[in-house]
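The first residue in the sequence is number 1, and the count goes up from there. Both backbone and side-chain heavy atoms feed into the values below; hydrogens, waters and symmetry mates do not. Owing to the predicted nature of the structure, the values given are computational and were not obtained by experimental measurement.
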Amino acid sequence: MRKKPEAGVLPVPASFVKTKPGATLSLRGRNLFPTLRTLALQGVKQPINSARHALALGSQLGRVLLGNTSHQPLAEDARFQDPSWRLNPFYRRRLQAWLACQKQLSAWIDESHLAADDQARARFILAQLGDALSPSNSPLNPLAVKELFNTGGASLLKGLGHLLDDLRHNGGLPSQVSKRAFEVGRNIATTPGAVVFRNELLELIQYQPMSEKQYARPLLIVPPQINKYYIFDLSAQKSFVQYALKNGLQVFIVSWRNPNASHRDWGLSHYVQAIAKALDVTRAVSGSKDAHLMGACAGGLSIAALQGYLQAKRQLGKVASATYLVSLLDSQIDSSAMLFVNEQTLEAAKRRSYQQGVLDGRDMAKIFAWMRPNDLVWNYWINNYLLGKQPPAFDILYWNNDNTRLPAALHGDLLDFFQHNPLTHPGGLEVCGLPVNLQKVTVDSFSIAGINDHITPWDAVYRSTRLLGGERRFVLSNSGHIQSILNPPGNPKASYLESETLPSDPRAWYFDAQKHDGSWWPEWLDWIQARSGEQTETRLALGNQNHPPMEAAPGTYVHVS
């Protein structure tokens with residue numbers, strides 16, 4: 001049991017702006033102009049207040065020049081860990097001047113007569129500008145100066161080369177990963193298997209067993225449509241697929257086709273029908289009358305919609321259980337990006353994607369990056385350009401940068417989902433012409449959230465769990481969005497929270513939940529094995545007569561860029 005959180009405070013970081021809604025909205029710079037205009041007008045409407053803060057800033061900067069200020073950056077801010085920012089008079093004054101400006105601008109907003117939402121928008125924009133103007137981003141960064149002398153100027157030339165390459169090939173953003181270090185099918189996504197079914201939207205991969213005995217009921221994994229499937233099959237040490245196989249589960253996974261403009265009409269109903277077909281093939285190949293479903297992020301929304309569709313058709317018996325990984329079914333979330341959203345921006349976003357046919361994954365990646373610029377832009381600006389170093393060779397970052405597209409119709413369906421929150425009331429969402437009522441989906445479920453998740457905040461995932469019928473379990477990992485999924489046993493820092501009850505208030509659940517050390521994977525494994533039927537001798541052959549094995553895993557769709 002932990003210290004009870006303060007009223008109105010959830011145990012998540014203050015920075016929560018990296019959200020899926022912001023990316024699917026495809027926000028643009030023009031969406032920020034009204035807030036900039038409001039700030040400018042505020043300075044005119046309150047001249048005395050503005051002048052007072054300007055004089056206070058001038059006084060602060062004067063004290064900075066005399067070395068009489070002691071503003072401190074956040075202890076966890078990696079940008080200013082070099083001792084030069086504290087010990088060198090020039091660097092110390094630069095940092096103190098920047099911190100003084102940040103503090104005074106924040107005080108000006110606090111004392112303005114702006115509405116609460118306008119203040120939040122203003123803070124978001126000024127934080128973006130402040131981060132861009134950070135002294136750590138300057139070529140005079142002490143780390144860059146030291147590297148320049150240590151390499152005899154080579155770091156400058158390499159940095160310029162990286163900058164030119166990113167301007168040509170990466171949309172002007174600093175590269176986050178060395179793309180030459182990985183190749184799908186060579187050193188990631190290497191678990192043996194074969195495609196046993198293919199249609200226009202997906203390939204279904206069945207994996208080669210890795211245990212002497214296997215359980216009767218198979219597992220079908222549905223990844224999000226906005227990412228490629230192999231987040232579940234990175235290196236052998238991080239592969240969820242291999243973990244499940246080695247523990248006797250039959251594993252099938254969906255590999256989505258990367259759509260182009262000709263597929264603009266693919267909507268949520270098309271994807272649900274495709275998953276329904278994959279489920280039928282999984283059942284047929286395994287010889288089981290039902291199968292487990294696992295969905296991650298938007299894949300979780302998809303399997304929930306599928307179950308609602310099957311329930312309406314009285315075919316829910318095809319599903320043995322459902323696992324939801326960092327998935328939103330209740331779309332009510334707090335986000336700085338959502339502050340810039342209104343009916344006009346929603347319609348404009350739909351119109352743009354339909355005109356183009358797709359929402360390009362690179363556009364989503366840019367929005368993600370600018371929602372957390374210190375981590376996803378300026379960190380690599382310093383490493384790649386100022387220090388002249390190669391970006392890291394990290395498999396998770398490689399997957400994260402292996403962008404896909406969203407068809408316009410699905411993009412529109414997701415926008416409607418975030419706008420109307422339809423699954424919170426029976427019949428609010430229709431799939432293939434049938435109403436979805438999650439309370440009637442009485443399948444046992446296991447839901448995972450991440451306490452540091454900026455994309456699908458844990459309290460929203462918790463509320464999503466409570467929308468479901470059947471026996472429900474909710475586990476809160478001490479990780480972020482991706483790390484909550486990639487949580488193999490053996491990490492000494494891993495832990496999770498769980499409680500036997502699911503009260504309506506997430507804070508009440510958090511207060512009563514018990515902490516457990518280690519990964520949630522073994523806990524989930526016990527849960528799903530108990531629902532997987534008898535163990536039999538492993539059948540090594542893949543596919544069956546009607547669905548013979550085709551291409552070897554990872555298949556063909558995963559290579560479509």
- Message: Which label fits Y271 and W266: parallel for a plane angle under 30°, tilted from 30 to 60°, or perpendicular past 60°?
- Response: perpendicular
- Quick check, are the ring centers of Y243 and W524 under 6.0 angstrom apart? no
- Query: Looking only at heavy atoms, what is the nearest atom pair of S327 and A296, with distance?
  - Reply: OG-C, 3.9 Å
- Task: Return yes if some donor-acceptor pair links the side-chain N/O of N478 with the main-chain N/O of K493 below 3.5 Å, else return no.
- Result: yes
- Task: Find the distance between CD (E183) and CG (N187) and round it off to the nearest 0.5 Å.
- Result: 7.5 Å
- Item | Q390 (side chain) donor-acceptor with S178 (main chain) under 3.5 angstrom | no
- Task: Using a strict cut-off of less than 4.0 Å between a Lys/Arg side-chain nitrogen and an Asp/Glu carboxylate oxygen, indicate whether K238 and D233 qualify as a salt bridge.
- Result: no
- For L376, does its backbone N or O pair with a side-chain atom of Q176 as donor and acceptor, under 3.5 Å? yes
- Task: Check P407 against P259 and note the closest heavy-atom contact, atom names and distance.
- Result: CD-CG, 3.5 Å
- Message: Around atom NZ of K158, are there more than 12 heavy atoms from other residues, nucleotides or ligands closer than 6.0 Å?
- Response: no
- From F474 CZ over to I448 CD1, what is the distance, rounded to the nearest 0.5 angstrom? 8.0 Å
- Message: Regarding K318 and D280, does a basic nitrogen lie under 4.0 Å from an acidic carboxylate oxygen?
- Response: yes
- Message: Just checking R186: does its CZ atom have more than 12 heavy atoms from other residues, nucleotides or ligands closer to it than 6.0 angstrom?
- Response: yes
- Task: Measure across I485 and W520 and return the closest heavy-atom pair with its distance rounded to 0.1 Å.
- Result: O-CZ2, 4.0 Å
- Task: Measure from the side-chain N and O atoms of S175 to the backbone N and O of V177, and report whether any donor-acceptor pair falls under 3.5 Å.
- Result: no
- Judged by atom type as modelled, is there a donor-acceptor pair below 3.5 Å linking the side chain of D413 to the main-chain atoms of L268? yes
- Taking the side chain as every heavy atom from C-beta outward, state whether P506 and W458 have any atom pair closer than 4.5 Å. yes
- Message: How close do T282 and A291 get, counting heavy atoms only, and between which atoms?
- Response: CG2-CB, 4.3 Å
- Message: Under the criterion side chain to side chain contact (heavy atoms under 4.5 Å, CB included), I'd like the reasoning laid out for S239 against V241: C-alpha separation, chi angles, the key distance, then a yes or no.
- Response: CA-CA 5 Å; S239 175; V241 166; 3.7 Å; yes
- Should R257 and E203 count as an ion pair when the cut-off is N to O under 4.0 Å? no
- Answer yes if the side chains of T404 and N227 hold a donor-acceptor pair under 3.5 Å, and no otherwise. no
- Message: Going by side chain to side chain donor-acceptor pair (under 3.5 Å), R79 matches just one of N137, N141, N374. Which one?
- Response: N374
- Would you say the side chains of D166 and Y385 form a donor-acceptor pair under 3.5 Å? yes
- Test item: side-chain donor near acceptor, Q242 and T191, under 3.5 Å: yes
- Query: Is the Y229-W256 ring centre distance short of 6.0 angstrom?
  - Reply: no
- Query: Nearest 0.5 Å, what's the CZ-CZ distance between F252 and R283?
  - Reply: 12.0 Å
- Hey, does the side chain of Q307 reach the backbone of I303 with a donor-acceptor pair shorter than 3.5 angstrom? yes
- Steps toward side chain to side chain contact (heavy atoms under 4.5 Å, CB included) verdict (E147, K389): CA-CA 10 Å; E147 191 70 16; K389 296 182 178 179; 4.1 Å; yes
- Note on the structure: Heavy-atom closest pair (S138 atom, L386 atom, distance to 0.1 Å) is O-CD1, 3.3 Å
- Message: Students often mix this up, so state it plainly: with edges at 30° and 60°, are the rings of F240 and W521 parallel, tilted or perpendicular?
- Response: perpendicular
- Could you check if a side-chain atom of I455 sits within less than 4.5 angstrom of a side-chain atom of I482, using non-hydrogen atoms only? no
- Kindly compute the distance separating CD1 (I231) from CG (D395), expressed to the nearest 0.5 Å. 8.0 Å
- Item | Exam field: side chain D330 to backbone N421, donor-acceptor pair closer than 3.5 Å | no
- Could you go step by step and tell me if Y230 and D402 meet the side-chain hydrogen bond (donor to acceptor under 3.5 Å, both in side chains) rule? CA-CA 10 Å; Y230 60 87; D402 194 0; 2.6 Å; yes
- I would like to know whether F197 and L202 meet side chain to side chain contact (heavy atoms under 4.5 Å, CB included); could you show each step before the answer? CA-CA 8 Å; F197 173 75; L202 61 80; 4.0 Å; yes
- For L497 and V475, what are the C-alpha separation, side-chain angles and deciding distance, and is it a side chain to side chain contact (heavy atoms under 4.5 Å, CB included)? CA-CA 6 Å; L497 302 177; V475 170; over 6 Å; no
- Query: Are any non-hydrogen side-chain atoms of H270 and E200 less than 4.5 angstrom apart?
  - Reply: no
- Task: Go through the side-chain N and O atoms of D453 and T456 and say whether any donor and acceptor fall under 3.5 Å apart.
- Result: yes
- Side-chain (N401) to main-chain (L397) donor-acceptor, under 3.5 angstrom: yes
- Task: Examine distances only and state if a side-chain atom of N170 and a backbone atom of G172 form a donor-acceptor pair shorter than 3.5 Å.
- Result: no
- Message: Has S464 got a side-chain atom pairing as donor or acceptor with A460's backbone, closer than 3.5 angstrom?
- Response: yes
- Query: Rounded to the nearest 0.5 Å, what separation is found between the OG1 atom of T556 and the CD atom of E551?
  - Reply: 5.5 Å
- Query: What's the spacing between I396 CD1 and I188 CD1 if we round to 0.5 Å?
  - Reply: 11.0 Å
- Item | Closest non-hydrogen atom pair, K228 against V560 | NZ-O, 3.2 Å
